[in-house]
Asker: 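Please read through the structure below; I'll follow up with questions.
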2 protein chains.
Amino acid sequence: MANSSSGDSVVDRIVRLISAFPQDATDLRLSELAERSGLPLTTTHRLVGQLARHGLLETAPGGLVRPGLRLWELVNRASPALALRQAAMPFMEDIQQVLNQNVNLAVLDGWEALFVERLSRRGSVANRAQVAGRMAIHISSAGLALMAHQDKALQQEYLRQFADPYGKLAADDVRTLLADTSRQGFAQLKGVVDPDTCGIAVPVLNRRHRAVASLGVVVPLREMRLQALVPALQTAARGIARGLAES
Amino acid sequence: MANSSSGDSVVDRIVRLISAFPQDATDLRLSELAERSGLPLTTTHRLVGQLARHGLLETAPGGLVRPGLRLWELVNRASPALALRQAAMPFMEDIQQVLNQNVNLAVLDGWEALFVERLSRRGSVANRAQVAGRMAIHISSAGLALMAHQDKALQQEYLRQFADPYGKLAADDVRTLLADTSRQGFAQLKGVVDPDTCGIAVPVLNRRHRAVASLGVVVPLREMRLQALVPALQTAARGIARGLAES
DNA sequence: CGCCACCTTCCGTTGAACGGGAAGTCCAGC
DNA sequence: GCTGGACTTCCCGTTCAACGGAAGGTGGCG
């Protein structure tokens, strides 16, 4: 727009603004928001006002700003993550009930696993996978399950880019992990996120045997019984896939 | 911006654009999106391109547009609905398990109940309350539970505005419903949404005894046993309130 | 009271956004 | 294979929405 010294468009600014909110949905002061988003205070003030008029943000007295209900509503009314979530929820609940463990559902976005839903067992070990949280592919069982069942071309590209910062040896390790995952039909990572837990994940496959999502659990190491976990997850994953195909 | 014949800002346009997506998260053709949002095709094309570059929308070959994962992620990372959902989920699951019924969680927005979360019993009667769906206050137990525990001033204003289109008699009926709800501590609506079901909802109260949310179930009429339902809901509601106060 | 930090409002400048038009492309169906 | 419909991609003159510095409130604290 006019006079934009930073050279980005209104859309860019709006994205910067709503991206500036941290994980925990606490209120932000206007000046803090301006700083986080890197926008001039005046601009921030004006944009916040505009967005607030539509309910995308909410302002509280004292210059406090927080994400608005309307934004939540719009997004949660129509989103690609919803159909998946809808199809998966019953099965996730089953898993949670039968196994009494933390259950999570993730999709691949870029080179990361994006967690779409999560049911946590009360009193359970910490599950770092927050809803709408991300984890790198190579450190999450969900990521491995997702990447292990993608086009070969995509996997190559991933490994190539991975080798750049981490080195060839590390990339070879990941290649092995992916191969194991693909062969076994499930991914397993012990003590990577948390020393005393283990992540297990299976892919949710579409008709062309590509992973569109992953279903996983995080269990304390000593409680782990693969023989019971994997079949249950795989059965549920097939159920989810069927549900997706129908819609 | 310049030349905006419609006279609305970029923010308005973006809101119009993302609001244009219907409930079911199906892809929209570009031209269809332009028509729904009332924007010129060229403008729609440009804005969609910009939004897609940030991942807020996704474009598929053939001019198809759908909401993007990134948008879902941003919103679900920080939103006022999330803290509530987080606090409520364990209790909702308990209710669902123990009572084996549809459970829903709503907040008040305008003169409607906005459903924030919903767990549905498989094989259960239809529950019309979709996630991110809305229902008018006077036809939903959730709405009544919410409105019955608000400031007197707000209730008056609601009834005043309600009387305008619906007439004074109808408003008096609602006033009675609200009074009953307030006195009993729970709202009950038989066969309004669906002839064979009954909605029961209790408020989740903050320290000042104002409803910040409502917790409800939808049960088949013949299975209904108030004696069992209401105490369970109220207990859960108190648990949720405690969880909210802590955070 | 005076300082400070922050929110809010004002206002002249300006260039980014707008959108109509038209040509190019791609696909489906008759 | 041709036609129609829809998406895509240029171009370009117009214009006013957005910009942001500066000045003016506001509230809290020592």
Side-chain angles (χ1 to χ4, degrees), chain A residues 1-22 25-68 71 78 80 208, chain B residues 1-22 24-68 71 78 80:
Chain A
M1 48 265 16
N3 272 349
S4 73
S5 56
S6 41
D8 45 23
S9 71
V10 180
V11 174
D12 297 329
R13 285 195 173 78
I14 293 173
V15 175
R16 293 250 289 280
L17 219 47
I18 62 177
S19 307
F21 285 93
T26 49
D27 302 357
L28 249 55
R29 271 179 298 111
L30 186 61
S31 53
E32 197 177 349
L33 183 58
E35 191 188 1
R36 280 175 148 286
S37 56
L39 297 174
L41 179 61
T42 314
T43 303
T44 308
H45 181 258
R46 187 167 14 83
L47 282 181
V48 166
Q50 288 187 10
L51 289 169
R53 211 165 305 129
H54 289 280
L56 301 202
L57 295 180
E58 284 169 11
T59 55
L64 291 177
V65 186
R66 77 180 127 239
L71 181 56
R208 295 199 308 286
Chain B
M1 49 267 13
N3 268 347
S4 71
S5 55
S6 39
D8 44 23
S9 72
V10 180
V11 173
D12 297 329
R13 286 196 172 79
I14 293 173
V15 174
R16 293 250 289 279
L17 219 48
I18 63 177
S19 307
F21 285 93
D24 46 356
T26 48
D27 301 358
L28 249 56
R29 273 180 296 111
L30 187 61
S31 54
E32 197 177 348
L33 183 59
E35 191 188 2
R36 281 174 149 281
S37 56
L39 297 174
L41 181 60
T42 314
T43 303
T44 307
H45 182 259
R46 185 165 18 83
L47 280 181
V48 166
Q50 287 186 13
L51 290 168
R53 211 164 306 130
H54 289 281
L56 302 202
L57 295 180
E58 283 169 12
T59 55
L64 291 177
V65 185
R66 79 179 126 238
L71 181 57

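All values below come from the heavy atoms of this structure, side chains included, with hydrogens, waters and symmetry mates left out. Nothing here was measured: the structure is a model prediction, and the numbers come from that model. Every chain is numbered from 1 and lettered A, B, ... according to where its sequence line falls, protein lines coming before strand lines.
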Asker: Let me see the working for A:E58 and A:V65 under side-chain contact (heavy atoms from CB on, under 4.5 Å), right down to the final yes or no.
Answerer: CA-CA 6 Å; A:E58 284 169 11; A:V65 186; over 6 Å; no
Asker: Taking the side chain as C-beta and beyond, is there a heavy-atom pair between A:R29 and A:L64 under 4.5 Å?
Answerer: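 Side chain of A:R29 against side chain of A:L64, heavy atoms only: contact under 4.5 Å found.
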Asker: What pair of heavy atoms forms the shortest contact from B:G68 to A:P80, and how long is it?
Answerer: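 Minimum heavy-atom contact is C-CG, 4.4 Å.
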Asker: Would you work out how much the helix from C:dC1-D:dG30 to C:dC30-D:dG1 bends between its ends, with each end axis defined by five base pairs, to 10 degrees?
Answerer: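 End axes: 50° apart.
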Asker: Please state how far atom CD1 in A:I14 lies from atom P in C:dA17, giving the value in whole angstrom units.
Answerer: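 Atom CD1 in A:I14 sits about 11 Å away from atom P in C:dA17.
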Asker: With a cut-off of 3.5 Å and sequence neighbours excluded, list every side-chain donor-acceptor pair involving residues 34-43 of chain B.
Answerer:
{"residue": "B:R36", "atom": "NH1", "partner": "B:A20", "partner atom": "O", "Å": "3.0"}
{"residue": "B:S37", "atom": "OG", "partner": "B:L33", "partner atom": "O", "Å": "2.7"}
{"residue": "B:S37", "atom": "OG", "partner": "B:A34", "partner atom": "O", "Å": "3.3"}

Asker: Categorize A:E32 for me: base, sugar-phosphate, or nothing, with a 4.0 angstrom heavy-atom threshold over every strand shown.
Answerer: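 Since no nucleic acid heavy atom lies under 4.0 Å of A:E32, the category is nothing.
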Asker: Could you state the CG-P distance from B:L39 to C:dC18, rounded to the nearest angstrom?
Answerer: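 Rounded to whole Å, this separation is 9 Å.
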Asker: Figure out the CG/C1' separation between A:L17 and D:dA18, and round it to whole Å.
Answerer: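 It is 15 Å, rounded to the nearest whole Å.
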Asker: Looking at OG1 of B:T44 and CZ of B:R16, how far apart are the two atoms once the value is rounded to the nearest 0.5 Å?
Answerer: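 Nearest 0.5 Å value for the OG1-CZ distance: 9.5 Å.
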Asker: Can you tell me how far C1' of D:dC7 sits from CG of B:L33, to the nearest Å?
Answerer: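 Rounding to the nearest Å, CG of B:L33 and C1' of D:dC7 are 13 Å apart.
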Asker: From CZ of B:R13 over to P of C:dA17, roughly how many Å is that when rounded to an integer?
Answerer: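 Checked: the CZ to P distance equals 12 Å.
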Asker: Listed in order of residue number, which residues of residues 42-49 of chain A have a non-hydrogen atom at under 4.0 Å from DNA chain D?
Answerer: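 Of all residues in residues 42-49 of chain A, the ones placing a heavy atom under 4.0 Å from DNA chain D are A:T42, A:T43, A:R46.
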Asker: List the atom pairs, with distances to 0.1 Å, where a side-chain N or O of residues 45-56 of chain A and a protein N or O form a donor-acceptor pair under 3.5 Å, not counting sequence neighbours.
Answerer:
{"residue": "A:H54", "atom": "NE2", "partner": "B:D12", "partner atom": "OD1", "Å": "2.3"}

Asker: Can you check the B:E35 CD to D:dA6 P distance for me, whole Å?
Answerer: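 Computing the B:E35:CD to D:dA6:P distance gives 10 Å.
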Asker: What is the distance from atom CZ of A:R66 to atom CG of A:L71, rounded to the nearest 0.5 Å?
Answerer: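 Between A:R66 CZ and A:L71 CG, I get 13.5 Å after rounding to 0.5 Å.
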Asker: Dump every N/O contact between nucleotides 4-6 of chain C and the protein below 3.5 Å, one line per pair.
Answerer:
none

Asker: Taking protein heavy atoms under 4.0 Å as touching, what does nucleotides 23-30 of chain C look like 5' to 3' if B marks base contact, S marks sugar-phosphate-only contact and - marks none?
Answerer: --------
Asker: What's the CG-C1' distance between A:D12 and C:dA16, to the nearest Å?
Answerer: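 It is 12 Å, rounded to the nearest whole Å.
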